[in-house]
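Here the structure is laid out as structure tokens; the discussion comes afterwards.
Order of the sequence lines sets the chain letters (A, B, ...), proteins ahead of strands, with each chain counted from 1.
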2 protein chains.
Amino acid sequence: MVQYARAHLDTSLAALADSTRRGVLEQLGREDASITALADRFHMTLTGMKKHVGVLEQAGLVVTEKVGRVRTCRIGARRLDEVAAWIASYHQLWDARFGELDQVIEELKQKEKSDGHHQPE
Amino acid sequence: MVQYARAHLDTSLAALADSTRRGVLEQLGREDASITALADRFHMTLTGMKKHVGVLEQAGLVVTEKVGRVRTCRIGARRLDEVAAWIASYHQLWDARFGELDQVIEELKQKEKSDGHHQPE
DNA sequence: CGCATACTGAACCATACGGTTCAGTGTCTA
DNA sequence: TAGACACTGAACCGTATGGTTCAGTATGCG
């Protein structure tokens, strides 16, 4: 198998690939909230929001605790370090391949300028 | 609408939330490749790989060019700056809420140590 | 007790996803 | 020109996703 079996990344990224869920994270960043509160805020049924919270919890991005009849959600223990690390490594790779190209383009621009040609867009 | 309609983020993250696709990106980071080459490398049909490449291309993470009968794929113009920025802002938010908690935990550890209790884990 | 609140779970629905097969189309190359 | 090669597109398949409704269960409160 070539594909690096990083299930973590899969679940984290999948959890983030939904604007409602990202919204929930931002919201919980401001203050803890019950499922009901979140459902209200995002104009959704309780059940629907519960699923989203479930996905986020599965990904470790949210933790919940039920006391009495209300389940309180808060930002979870899992930081996005892994994701950030992947992005960073990708960035590095990108630069490695295109840093050179950027340089070439920069040189071309300079040349065009000094040749008196107008710069294309 | 409360949910921040950042379609970019949605498509970028969704494109990344698949290990095959991340593998393709890493591969293309090393060298450009044809669809066939990628399909071989990831043990998949041409058609299957073409779909993945399509998703990556849609997200701007890959660009392709067909010359003759072979379509060559290369790392695309879109850097993951947006994604990185979101992650960073989330990180910041996380720290804001939990930096304090970290401090409390650290203090507790210190206290336990000085109390002569053995440190849990 | 009796009612409202807050969640839970099952079932359902439409659509998307990851993958396949199969039947093309277009391009090399001998 | 014939055949191999590289891709393309449509159709299909099983499963997942994002959402709903509806029918519970458990808790709080007057």
Starting from [atom2] on [N], measure out to [atom1] on [X] and report it in whole angstrom.
X: A:Asp10; N: D:dT17; atom1: CG; atom2: C1'; result: 15 Å
X: B:Asp18; N: D:dT17; atom1: CG; atom2: P; result: 12 Å
X: A:Arg41; N: C:dA6; atom1: CZ; atom2: C1'; result: 20 Å
X: B:Arg71; N: D:dC5; atom1: CZ; atom2: C1'; result: 16 Å
X: B:Phe42; N: C:dG18; atom1: CZ; atom2: P; result: 14 Å
X: A:Asp40; N: C:dA6; atom1: CG; atom2: C1'; result: 11 Å
X: B:Leu13; N: D:dT17; atom1: CG; atom2: P; result: 15 Å

For residues 57-76 of chain B, pull every pair meeting ring pair (Phe, Tyr, Trp, His ring centres under 6.0 Å), keeping only residues two or more places apart or in separate chains. none
Using the rule side-chain contact (heavy atoms from CB on, under 4.5 Å), only one of B:Asp10, B:Leu9, B:Val83, B:Leu13 pairs with A:Leu16; which is it?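 That would be B:Leu13.
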With respect to the side chain of B:Arg21, which nucleotide from C:dG19, D:dG18, C:dG18 is positioned closest?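 Closest nucleotide to the B:Arg21 side chain: C:dG18.
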Do any side-chain nitrogens or oxygens of B:Lys50 fall under 4.0 Å of OP1 or OP2 in D:dG9?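 Indeed, a polar side-chain atom of B:Lys50 lies that close.
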Listed by chain and number, what are the side chain to side chain contact (heavy atoms under 4.5 Å, CB included) partners of [X], not counting sequence neighbours?
X: A:Ala39; answer: A:Met49
X: B:Ala14; answer: A:Ala17
X: A:Ala37; answer: A:Ala33, A:Ser34

Any pair counted as side chain to side chain donor-acceptor pair (under 3.5 Å), so long as it reaches residues 44-54 of chain B, sequence neighbours left out: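 Applying side chain to side chain donor-acceptor pair (under 3.5 Å) to every pair that reaches into residues 44-54 of chain B, excluding sequence neighbours, yields B:Arg21-B:His52.
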With a 3.5 Å cut-off and sequence neighbours excluded, list the donor-acceptor pairs that the side chains of residues 62-73 of chain B form with protein atoms.
residue	atom	partner	partner atom	Å
B:Thr64	OG1	B:Glu57	OE2	2.9
B:Thr64	OG1	B:Arg71	NH1	2.9

Heavy-atom contacts, protein to nucleotides 20-25 of chain D, under 4.0 Å, summarised as B (base), S (sugar-phosphate only) or - (none) per nt, yield BBB---
Under the rule for salt bridge (Lys or Arg N to Asp or Glu O under 4.0 Å), what residues qualify as partners of A:Asp32, not counting sequence neighbours? A:Arg74, B:Arg97
Show me the protein contacts with nucleotides 27-30 of chain C, counting only N or O atoms at under 3.5 Å.
residue	atom	partner	partner atom	Å
C:dT27	O2	B:Arg69	NH1	3.2

